[in-house]
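For reference, the structure discussed in these notes is given below.
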Amino acid sequence: AEETTMSVSSSLKLPANSVSDDDLRAVSPALERYTKEALLGKVWQRPELTLRDRSILTVAALIAGLQTAEMPFHFALALDHGVRPAELSEIITHLAFYAGWGNAMAAVAVAKDIFSQRRIGIDQLPPAKEPLLPLNEDAEAKRATQVGNNFGTVSPGLVQNTTDVLFRDLWLRPALAPRDRSLVTVSALIANGQTAQIPYHLNRAMDNGLTQSQASEVLTHIAFYAGWPCAFSALPVVKDVFESRKK
Amino acid sequence: AEETTMSVSSSLKLPANSVSDDDLRAVSPALERYTKEALLGKVWQRPELTLRDRSILTVAALIAGLQTAEMPFHFALALDHGVRPAELSEIITHLAFYAGWGNAMAAVAVAKDIFSQRRIGIDQLPPAKEPLLPLNEDAEAKRATQVGNNFGTVSPGLVQNTTDVLFRDLWLRPALAPRDRSLVTVSALIANGQTAQIPYHLNRAMDNGLTQSQASEVLTHIAFYAGWPCAFSALPVVKDVFESRKK
Amino acid sequence: AEETTMSVSSSLKLPANSVSDDDLRAVSPALERYTKEALLGKVWQRPELTLRDRSILTVAALIAGLQTAEMPFHFALALDHGVRPAELSEIITHLAFYAGWGNAMAAVAVAKDIFSQRRIGIDQLPPAKEPLLPLNEDAEAKRATQVGNNFGTVSPGLVQNTTDVLFRDLWLRPALAPRDRSLVTVSALIANGQTAQIPYHLNRAMDNGLTQSQASEVLTHIAFYAGWPCAFSALPVVKDVFESRKK
């Protein structure tokens, strides 16, 4: 993967606030070493997650954290790691809802340049509207009832949009597999310190096929991109989810 | 409102990291659809909050989240929705304290261009210092006593500045109505996941005239700009405030 | 300090999104007044922390919050306040781990310009690898055992990297004194609302020589750069740490 990342880095037209290897060396030779050895050389090579999964996680953490300086490199790397343009497009769309509209728009500003450089046209993107995946009516009825009972009178509009726009529309769009959509969501929740929302979405991710070993490794990987405190604040919550699923 | 937003968008000189309709379509036709239909077409049209209130909420969430890509569009839209330049100036000043100095400075960098384009001069801005609104001495004494008892020895400097600079100065500046100042504060707290600070400020907002129906709708609206997880983490806290005020 | 800050400001080539005094005045004369009077004129002059400590805190809060607009000014000011280039470099490296890789990279993009303007070459930076400070084996064994017992099976990779890369490498690098490294960490935790991680690191900071009076003043200072809500959410946690250390 290091070879891949290096070649991407050198071929890519980087925007103003991006950081080249030379820039990094001119400020912190130590951070260059950690990047190449501990991060790209070791963490990214661990077998618990594929390079494609790691790219999905990283892209989601960068968008959730508005870390624009790293976006050009990692958006390009994600495409090199097998994330299809349609999937990158859909990750950004998904994170408009899970990290905020402005975060998604910052990602759009970066992705448009990457797509343009690689001659990725609208024919490779998910259409604005397309036939949806089948809904698990039982699971959705249970979710909607629980949220409705708890918060239906606190914010009727939020509860209604959650059902109509998120769980009966966005989550059913076929451009991103439910398991990958969950990976994006969990990554954003950890990166933004939204620990209270982790249990529902980590359970959903594991119901959607994420293994416990992969979920463990999400924390190992995301610690570097979201920072150690976010990963450590997620640890007890993830522990509880793992334990609750054993019963 | 959709018409308004479209005309603003096309007449505005957008900065480098802003996103045009064409850019958005070139990355995610779906996100363009959600923006125009679910967000501008539906949420912004709901009668529970005026366009002016929605613009105040949105501007505050963008500044709190440092979402610079969306600032030019929404600062201009706020002025079109009846937020006076003096009020936009004061919202930025207020958020220096409630979202951090650097967040306010990022907003200044955007607002100066908008003000310049619209020939808004210093005569339309609040003066650096002006006669303050009358203080509710009883409420402030109660607040100061409670904070002093809890934290007076933990950080005497913070407690003193909170009284002198915030509650006996900033909050009394007449350039922004107390109810609007509260709206800005609550929006920033939700957008930054500062749930522990919501009860005091939501109660203050409702004491300052925000109705329960409006507070409910704040969550509906802010979910799009701050992301769903922030809105959902605020829900139980808002619920508690609503219930405590019934007693 | 005000004189210093003013002269820095005028001599510095500011990047695109930075804010000059004129820009600030053109948007908010009030925010200019608060900056010069309440913040630079009063808080920065309080004797409880040195200018060097305040610059370390501020730089850390800006990097943790990705507040790039204020970085050029405060990176330059930190150097003027006696933070050595090697220390600024190491603060950025440290925050890659404690605030996320992308936050550090945004800081690198700013620091490279400051270093270039001041002709600070690689000879003034900490080497990529150098002899480490001696490890307090007992304290580290206790930490590693506790984290291992709690989370060793939840995320083995995260736990292993925490030991190998953080506490047996990064924290022992001599380029930043342990007490200053703690100051950077605590500042980032407060600024990012990571209250659950404050007790361990504030205790470590105080074990490393930070006095209670200095810790109190950290909150006074950081409130302006991270925003009041972050400081207030940290208050009860800091209070508990102070009380637990009296026993």
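A note on names: the letters A, B, ... follow the listed sequences, proteins ahead of strands, and every chain is numbered from 1. Hydrogens, waters and symmetry mates are skipped; everything else that's a heavy atom, side chains included, is used.
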Between [Y] and [X], does any NZ, NE, NH1 or NH2 come within less than 4.0 Å of an OD or OE carboxylate oxygen?
| X | Y | answer |
| --- | --- | --- |
| B:Glu137 | B:Arg168 | yes |
| B:Glu90 | B:Arg173 | yes |
| C:Asp22 | C:Arg25 | yes |
| B:Arg245 | B:Asp240 | no |
| B:Arg179 | B:Asp53 | yes |

Under 4.5 Å heavy-atom distance to chain C, tell me which part of [X] shows up: side chain, backbone, both or neither.
| X | result |
| --- | --- |
| B:Val147 | side chain |
| B:Asp169 | both |
| B:Ala99 | backbone |
| B:Thr162 | both |
| B:Phe115 | side chain |
| B:Leu95 | neither |

**Q.** C:Ser216 side chain reached by B:Pro156 side chain, heavy atoms, under 4.5 Å
**A.**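 The answer is yes; the side chains approach within 4.5 Å.
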
Quick check on [X] against chain B: is it the side chain, the backbone, both or neither that has a heavy atom closer than 4.5 Å?
| X | result |
| --- | --- |
| C:Val43 | side chain |
| C:Gln67 | both |
| C:Ala226 | backbone |
| C:Arg46 | side chain |
| C:Ile222 | neither |
| C:Ser213 | neither |
| C:Tyr225 | both |

Choice from [options] maximising heavy atom contacts with chain B below 4.5 Å:
| options | answer |
| --- | --- |
| C:Gly193, C:Ala223, C:Ala215, C:Cys230 | C:Cys230 |
| C:Leu62, C:Val218, C:Leu219, C:Thr195 | C:Leu219 |
| C:Ser233, C:Gly65, C:Ala231, C:Pro229 | C:Pro229 |
| C:Glu32, C:Arg33, C:Lys42, C:Glu70 | C:Arg33 |

Selection from [options] maximising heavy-atom pairs under 4.5 Å formed with chain C:
| options | result |
| --- | --- |
| B:Asp164, B:Asn150, B:Leu189 | B:Asn150 |
| B:Ser116, B:Ser155, B:Pro127, B:Ala64 | B:Ser155 |
| B:Leu166, B:Leu88, B:Ile122 | B:Leu166 |

Q.
Go through it in stages, so that I can follow the logic: the residues are B:His81 and B:Arg52, the test is side-chain hydrogen bond (donor to acceptor under 3.5 Å, both in side chains), and I'd like the CA-CA distance, side-chain angles, deciding distance and then a yes or no.
A. CA-CA 5 Å; B:His81 282 163; B:Arg52 182 180 172 280; over 6 Å; no

Centres of the [X] and [Y] rings: under 6.0 Å?
| X | Y | answer |
| --- | --- | --- |
| C:His74 | B:Trp101 | no |
| C:Trp228 | B:Tyr98 | no |
| B:Phe97 | C:Tyr34 | yes |
| B:His201 | B:Trp171 | yes |

Q: Go through the steps for B:Thr93 and C:Ser28 under the test side-chain hydrogen bond (donor to acceptor under 3.5 Å, both in side chains), then give the verdict.
A: CA-CA 7 Å; B:Thr93 303; C:Ser28 173; 2.5 Å; yes

